[in-house]
Amino acid sequence: MATDYKSTLNLPQTDFPMKADLVTREPQMLARWEAMKLYETLQDARRDAPLFVLHDGPPYANGNVHIGTALNKILKDVVVKAASMAGHRAPYVPGWDCHGLPIELKVQKELEKSREQLTSAQMRDRCRKYAEHFVDLQRKQFKRLGVFGDWERPYLTMSPDYEAAIVATFFDMWHQGYIYRDTKPVYWCVTCRTALAAATAEAEYADHKSTSVYVKFPVKSKPGNFVIIWTTTPWTLPANLAIAVHPEFDYVWARVGNETWLVAEALLPVVAQKAGVANYEVISKHKGRELEANNGNGVVARHPFIERDSPVVLATYVTLDTGTGCVHTAPGHGLEDHDTGRRYGLPTLSPVDDSGVLTADAGIFANQHVFKANRPIVEHLKQIGALVAEEEIAHSYPHCWRCKNPIIFRATEQWFINVDHKNLRDKALHEIEKVQWVPAWGFNRIQGMIEERPDWCISRQRDWGVPIPVIKCEACGFVFEEKQYTDQLVALVAREGVDAWFKRSANDLLAGVQCPRCKRPTEFHKAADILDVWFESGVSHRAVLRLRPELKYPADLYLEGSDQHRGWFQSALWTALATEGHAPFKAVVTHGFLMDLETKKKVSKSYGKPQDSDVYVNRFGADVLRLWTISEDYRNDVPLSEEIIERVAGTYRKIRNTFRFLLGNLNDFDPAKDAVPPAKLEELDRWALSRLQGLIKTCHEAYASYEFHRVYHSVNQFCTADLSSFYLDILKDRLYTLGKFSHERRSSQTVMHTMAAALAKLLAPAVPFTADEVWQCLRPGGGREALDSVHLALLPNHDDHLFDGELEARWERLQTLRQVVAVELEKARAKGTIGKSLEASVTLGGGDAETKAMLKYFEPQLPALLIVSQVAIELDRGESFSVKVAPALGQKCARCWRWEPSVGQHTGHPAICSRCVSVVETLEKLN
RNA sequence: GGGCGUGUAGCUCAGUUGGUUAGAGCAGCCGCUUGAUAAGCGGCAGGUCACUGGUUCGAGCCCAGUCACGCCCA
């Protein structure tokens with residue numbers, strides 16, 4: 001029995017496992033939360049608390065949850081959980097974007113395989129099924145990430161109430177005059193036969209080889225004079241209606257052989273070289289503005305192969321980078337060209353049909369496909385002697401984001417939102433000043449975009465979406481715009497969804513209505529286009545914030561990737577400004593994009609890095625993935641690599657072990673009965689408590705300012721530097737070897753208990769599974785702490801009374817001393833004088849007055865604080881501080897492992913020190 | 001090509017209004033421990049602060065340019 005002193009120690013003991021095994025344990029926690037209806041319970045518990053609404057931007061209901069989407073969702077969840085724990089009622093209604101081309105194309109492909117022929121209503125039905133499938137799949141994956149929300153009642157852009165809100169918003173803006181129909185060049189994919197939104201990610205730029213040509217346009221009634229233009233799209237030449245020059249640039253008439261050419265002075269040598277002309281002579285020089293056709297002496301050219309004038313016009317977008325300084329202008333095939341054409345009253349000629357075939361207006365090139373027409377056109381130019389030069393150039397050219405084919409500009413009838421109507425743009429610019437942008441440069445970014453953006457093209461020529469709900473009378477052309485009709489349509493959509501629009505005839509849609517103008521029983525006609533899906537998601541402020549009683553308008557926060565400055569933030573802003581008069585968000589937080597650390601490029605399939613969130617969840621667990629998310633400063637791009645996540649997993653283990661140690665040593669501690677009041681705490685414990693206040697403060701600020709990486713780093717720092725290597729290391733001796741009920745031990749346990757509870761709460765928004773697992777083991781006793789989940793708790797508050805700067809400063813000096821001593825101990829270890837530090841006796845001497853005072857102050861505690869067996873202090877050793885390390889005196893106590901002269905002096909317990917003897921004797925008396 | 005950003009040790013982050021030898025944790029290397037043990041402790045070694053040039057007595061911080069990367073647009 002004399003040797004079994006180990007059983008007399010208070011060693012840590014806990015059911016909290018060291019190995020997290022998150023992949024199997026997290027689903028169990030999810031089941032527990034589900035069973036206790038945690039989200040609902042939390043909402044109910046905060047029902048009278050101030051409301052905080054983060055409004056979810058809907059991900060697209062297609063495919064698995066991408067790791068980038070997981071990043072976004074986790075950030076949102078951290079915000080929501082932190083808000084809730086800061087005392088808010090923070091409901092989270094997740095949503096999905098369900099309509100749109102990607103789903104329609106996927107379904108179409110499936111149909112092609114099975115060779116099915118479906119009506120558009122049947123087609124829409126398939127699309128709906130498809131979207132529903134992925135909503136279910138993604139919902140599971142999002143829940144698995146530990147994201148709290150109203151998952152059973154998410155918002156879907158394809159649900160009738162949402163669709164009704166879309167239609168209602170359209171009508172609202174239509175009535176106010178924001179919406180117009182016009183012929184305008186838009187990006188057009190000839191393969192998908194649809195317009196693409198320029199303001200969204202529907203056009204991708206990629207390198208493309210084009211035939212560029214220099215073409216002579218004869219000057220009207222001046223034989224031998226030519227204006228030289230340059231273009232990379234010869235197929236648009238049939239649509240040429242003008243030639244643009246810059247008003248401020250210098251242009252010259254140059255004699256080339258027996259001809260006279262007009263080009264920009266700066267580009268003449270280049271043009272001559274391309275044309276293979278060695279000799280030329282400048283005849284006269286003019287400012288661009290002097291050449292303008294409607295100016296008395298202006299220049300009017302003739303189209304080289306169509307009987308038509310091509311006047312010289314002015315435009316400031318003309319550059320001298322390439323070409324001739326004389327820009328081929330086809331208002332039907334370019335946005336800038338269209339603007340110019342409009343200024344000069346030119347028509348919008350666009351002789352190209354839906355599938356990219358040139359029409360009769362293209363003259364002899366009719367019936368040719370645009371991408372195949374280049375060659376014949378160039379050949380024709382050559383034949384008629386209009387071709388100056390030809391060359392292949394590689395340049396960046398827009399491609400369809402979906403089918404990857406090159407796209408064209410084509411003028412079509414489209415619906416637009418006039419962003420300048422009723423000073424909407426100015427209002428937008430004013431409104432964004434009132435919004436809090438995080439990071440702050442988000443303001444500059446969106447401001448620039450709002451200033452520059454053209455009118456918003458909101459129509460698409462597709463099936464899977466919400467129709468542009470406009471009906472007119474076939475007979476007399478009357479358009480049913482009045483509120484009585486549109487209200488009827490909105491009510492219908494609210495009842496049946498927009499499927500009604502596709503399934504019913506126009507007359508049926510306006511059941512019981514007669515054309516008020518012609519008053520004849522006649523056929524009505526419904527518009528064929530559908531709305532841009534950005535319009536749909538944009539109006540979520542109306543469909544969700546306004547419709548859901550638990551939410552509010554405007555939202556406190558929108559949080560998305562920085563691409564949404566042009567996407568959702570704007571589509572929400574424009575529609576909200578037009579219908580509500582102000583922005584739908586008070587603050588906007590943006591995050592960067594995932595980057596592949598190895599390649600320094602964005603994460604993409606081609607580099608073989610896994611894309612699916614589930615891959616990471618099933619390998620590391622959601623909490624590690626979440627911890628990684630908050631470890632990064634997401635305001636910049638976020639690097640992703642094996643190493644990075646492994647590092648974070650290491651931090652996770654450190655934090656977890658810290659919890660395990662705390663819990664293990666709290667095994668016999670009941671805070672209700674055993675807690676030591678603050679005033680009676682040991683100084684070391686007061687220090688730890690004071691440090692905790694600093695951590696609490698930092699975390700509060702970090703959560704409030706959305707700087708989650710500061711939570712990660714400060715908690716990590718605290719666990720490693722303050723706790724693990726200092727506080728807890730020193731504590732081991734007193735926790736293990738002193739009497740169970742000793743004041744010192746209870747004092748430390750009191751602080752450790754506070755510490756564990758505080759850390760669990762501080763970390764709950766970040767690692768919800770682990771924090772709650774700790775919470776269950778901690779069983780914080782009594783009162784409001786007796787909550788079933790840490791997520792029902794509030795964040796700990798920084799307590800000024802527990803913070804003691806003076807004390808911290810004093811202990812910082814001690815820590816410096818500790819480092820100096822550690823270096824000397826290491827030297828002794830290297831020499832073989834000692835092994836562990838308890839085998840050492842340390843002599844400290846000399847130093848400045850401050851050091852001496854510090855030594856004197858800490859003297860009685862120094863062996864414990866330095867974790868050595870003896871410390872001798874020799875203050876009279878002069879100004880220079882010295883540390884000497886020698887083998888400890890006495891013998892090693894078999895129980896507490898300190899070296900003590902008292903070991904061997906007690907007859908009953910010859911193997912242990914006097915301090916341990918008294919503890920053991922007390923135990924013996926109890927037994 | 002344009003707009004908005006980013007670039008500090010192998011990794012993630014700190015670096016106060018420009019002011020001494022640029023900090024931390026992790027990883028690395030070398031030890032100790034075996035009573036937090038697929039743990040714990042200590043020590044050591046890592047940086048031309050992307051590059052170039054300015055302003056200044058002094059620049060990681062200010063200015064200009066270059067390069068790389070990202071988002072958005074052409």
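Note: hydrogens, waters and symmetry copies are ignored here, and every other heavy atom, side chains too, is used. Chain letters run A, B, ... following the sequence lines, proteins first and then strands; every chain starts at 1. If you're wondering where the values come from, they're calculated on a predicted model, not measured in any experiment.
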K.L.:
Provide the closest heavy-atom pair for A/Tyr706 versus A/Tyr634 in the form atom of the first, atom of the second, distance.
P.N.:
O-OH, 2.7 Å
K.L.:
Counting only side-chain N and O atoms of A/Lys6, is one of them less than 4.0 Å from OP1 or OP2 of B/G35?
P.N.:
yes
K.L.:
Identify, between A/Ile834 and A/Cys719, the residue whose nearest nucleotide on RNA chain B lies closer to the 5' end.
P.N.:
A/Ile834
K.L.:
Holding to side-chain hydrogen bond (donor to acceptor under 3.5 Å, both in side chains), I want the full list of residues that pass it with A/Glu391, two or more places apart in sequence or in another chain.
P.N.:
A/Lys274
K.L.:
Give the nucleotide from the list B/U37, B/G31, B/C41 with an atom nearest to the side chain of A/Met18.
P.N.:
B/U37
K.L.:
With P as the reference atom in both, quote the distance from B/A59 to B/G18 in angstrom, rounded to an integer.
P.N.:
13 Å
K.L.:
Check whether any side-chain N or O of A/Thr720 sits under 4.0 Å from OP1 or OP2 of B/A24, and answer yes or no.
P.N.:
no
K.L.:
Take atom CD of A/Gln13 as the centre, draw a 6.0 Å sphere, and report whether it contains more than 12 heavy atoms from other residues, nucleotides or ligands.
P.N.:
no
K.L.:
Counting only side-chain nitrogens and oxygens, does A/Asn636 get under 4.0 Å of the OP1 or OP2 atom of B/G7?
P.N.:
no
K.L.:
Say we look at B/G58 and B/G53: how far apart would their P atoms be, to the nearest angstrom?
P.N.:
16 Å
K.L.:
Please state the C1' separation for the pair B/A14 and B/A24 - nearest whole angstrom.
P.N.:
7 Å
K.L.:
Nearest heavy atom decides the nucleotide; on that basis, is A/Ser725 or A/Arg829 closer to the 5' end of RNA chain B?
P.N.:
A/Arg829
K.L.:
Whole angstrom is fine here: how far is it from CD in A/Glu824 over to P in B/C32?
P.N.:
18 Å
K.L.:
Say we look at B/G19 and B/G60: how far apart would their P atoms be, to the nearest angstrom?
P.N.:
10 Å
K.L.:
Using whole Å, report how far CD1 of A/Ile730 lies from P of B/G42.
P.N.:
10 Å
K.L.:
Please pick, from B/C41, B/U12, B/C26, the nucleotide with the shortest atom-to-atom distance to any side-chain atom of A/Pro639.
P.N.:
B/U12
K.L.:
Where does RNA chain B pair, written as one dot-bracket string 5' to 3', with Watson-Crick or G-U pairs under 3.5 Å, ( ) inside the strand, [ ] for crossing pairs and | for another strand?
P.N.:
(((((((..((((.....[...)))).(((((.......))))).....(((((..]....)))))))))))).
K.L.:
Counting the atoms with a prime plus P, OP1 and OP2 as sugar-phosphate, which does A/Asp633 contact under 4.0 Å by heavy atoms, base, sugar-phosphate, or nothing?
P.N.:
sugar-phosphate
K.L.:
Suppose you measure atom C1' in B/G46 against the same atom in B/G65; what distance do you get, rounded to whole Å?
P.N.:
32 Å
K.L.:
Determine if A/Trp897 stacks with B/G35; use a centre-to-centre distance below 5.5 Å and an interplanar angle below 30° as the criteria.
P.N.:
yes
K.L.:
Remember a base hit wins even if backbone is also touched, and classify A/Glu452 as base, sugar-phosphate or nothing at under 4.0 Å, heavy atoms.
P.N.:
nothing
K.L.:
Among B/G43, B/C32, B/G25, which nucleotide has an atom closest to any side-chain atom of A/Lys836?
P.N.:
B/C32
K.L.:
CG of A/Leu594 versus P of B/U12: gap in Å, rounded?
P.N.:
13 Å
K.L.:
Go through the N and O atoms of the side chain of A/Glu826 and the base of B/G43, and report whether any donor-acceptor pair is under 3.5 Å.
P.N.:
no
K.L.:
CG of A/Asp15: more than 12 outside heavy atoms within 6.0 angstrom?
P.N.:
no
K.L.:
Which pair of heavy atoms, one from A/Leu762 and one from A/Val711, lies closest together, and at what distance?
P.N.:
O-CG1, 4.5 Å
K.L.:
Please list, chain by chain and in numerical order, all residues satisfying salt bridge (charged side-chain N to carboxylate O under 4.0 Å, His left out) with A/Asp729, sequence neighbours excluded.
P.N.:
A/Lys732
K.L.:
Please work out whether B/G46 sits syn or anti, treating a glycosidic angle within 90° of 0 as syn.
P.N.:
syn
K.L.:
Of the candidate nucleotides B/G25, B/G35, B/G40, which contains the atom at the shortest distance from the side chain of A/Ser724?
P.N.:
B/G40
K.L.:
How does protein reach along nucleotides 65-71 of chain B, written 5' to 3' as B (base within reach of a heavy atom under 4.0 Å), S (only sugar-phosphate), or - (no contact)?
P.N.:
----SSB
K.L.:
For A/Glu560 and B/C72, give me the distance from atom CD to atom P, rounded to whole Å.
P.N.:
14 Å
K.L.:
Test of understanding: with salt bridge (charged side-chain N to carboxylate O under 4.0 Å, His left out), list the residues that count as partners of A/Asp455, not counting sequence neighbours.
P.N.:
none
K.L.:
Specify whether A/Phe726 and A/Trp811 have parallel, tilted or perpendicular ring planes, treating 30° as the upper limit for parallel and 60° as the lower limit for perpendicular.
P.N.:
perpendicular
K.L.:
Measure CZ/A/Phe726 against P/B/A24 and give the value in whole Å, please.
P.N.:
17 Å
K.L.:
For B/U34 versus B/A39, give the span between their C1' atoms, rounded off to a whole number of Å.
P.N.:
10 Å
K.L.:
Taking all atoms of both residues into account, what is the closest heavy-atom pair of A/Arg453 and A/Arg425, and its distance?
P.N.:
O-NH1, 2.8 Å
K.L.:
Rounded to the nearest Å, what distance is computed from the CG atom of residue A/Asp21 to the P atom of nucleotide B/A38?
P.N.:
14 Å
K.L.:
Specify the separation, in whole Å, of atom NZ of A/Lys892 and atom P of B/G35.
P.N.:
9 Å
K.L.:
Going by heavy atoms closer than 4.0 Å, what residues in residues 654-663 of chain A are next to RNA chain B?
P.N.:
A/Lys654, A/Asn657, A/Thr658, A/Arg660, A/Phe661
K.L.:
Rounded to the Å, how far apart are A/Asp729 CG and B/U33 C1'?
P.N.:
11 Å
K.L.:
I want to check one thing: is the phosphate of B/A36, taken as OP1 and OP2, less than 4.0 Å away from some side-chain N or O of A/Tyr736?
P.N.:
yes
K.L.:
Take atom CD of A/Glu812 as the centre, draw a 6.0 Å sphere, and report whether it contains more than 12 heavy atoms from other residues, nucleotides or ligands.
P.N.:
no
K.L.:
Base, sugar-phosphate or nothing for A/Gly835? Non-hydrogen atoms, less than 4.0 Å.
P.N.:
sugar-phosphate
K.L.:
Which label fits A/His713 and A/His709: parallel for a plane angle under 30°, tilted from 30 to 60°, or perpendicular past 60°?
P.N.:
perpendicular
K.L.:
For a quick check of understanding: with a heavy-atom distance under 4.0 Å over all strands, which category does A/His713 fall into, base, sugar-phosphate or nothing?
P.N.:
base
K.L.:
Considering only atom C1', compute the distance from B/G70 to B/U33 and round it to an integer number of Å.
P.N.:
48 Å
K.L.:
I would like to know whether A/His909 and A/Tyr5 meet ring-ring contact (aromatic ring centres under 6.0 Å, His included); could you show each step before the answer?
P.N.:
CA-CA 10 Å; A/His909 297 286; A/Tyr5 288 115; 5.7 Å; yes
K.L.:
Tell me whether the count of non-hydrogen atoms from other residues, nucleotides or ligands lying under 6.0 Å of NZ in A/Lys697 goes above 12.
P.N.:
no
K.L.:
For A/Ile644, answer base if it contacts any base atom (sugar-phosphate contacts may also be present), sugar-phosphate if it contacts only those atoms, and nothing otherwise; contact means non-hydrogen atoms under 4.0 Å.
P.N.:
sugar-phosphate
K.L.:
Please determine if A/Arg656 forms a cation-pi arrangement with A/Phe16, meaning its NZ or CZ atom is less than 6.0 Å from the six-membered ring centre and no more than 45° off the ring axis.
P.N.:
yes
K.L.:
For the P atoms, the ones on B/G42 and on B/C4, what distance do you get once it is rounded to whole angstrom?
P.N.:
48 Å
K.L.:
Mark yes or no for a side-chain to base donor-acceptor pair under 3.5 Å between A/Thr14 and B/A36, with no hydrogen or angle criteria applied.
P.N.:
no
K.L.:
Could you tell me which non-hydrogen atom of A/Gln749 sits nearest to which non-hydrogen atom of A/Leu666, and how far apart they are?
P.N.:
O-CD2, 3.3 Å
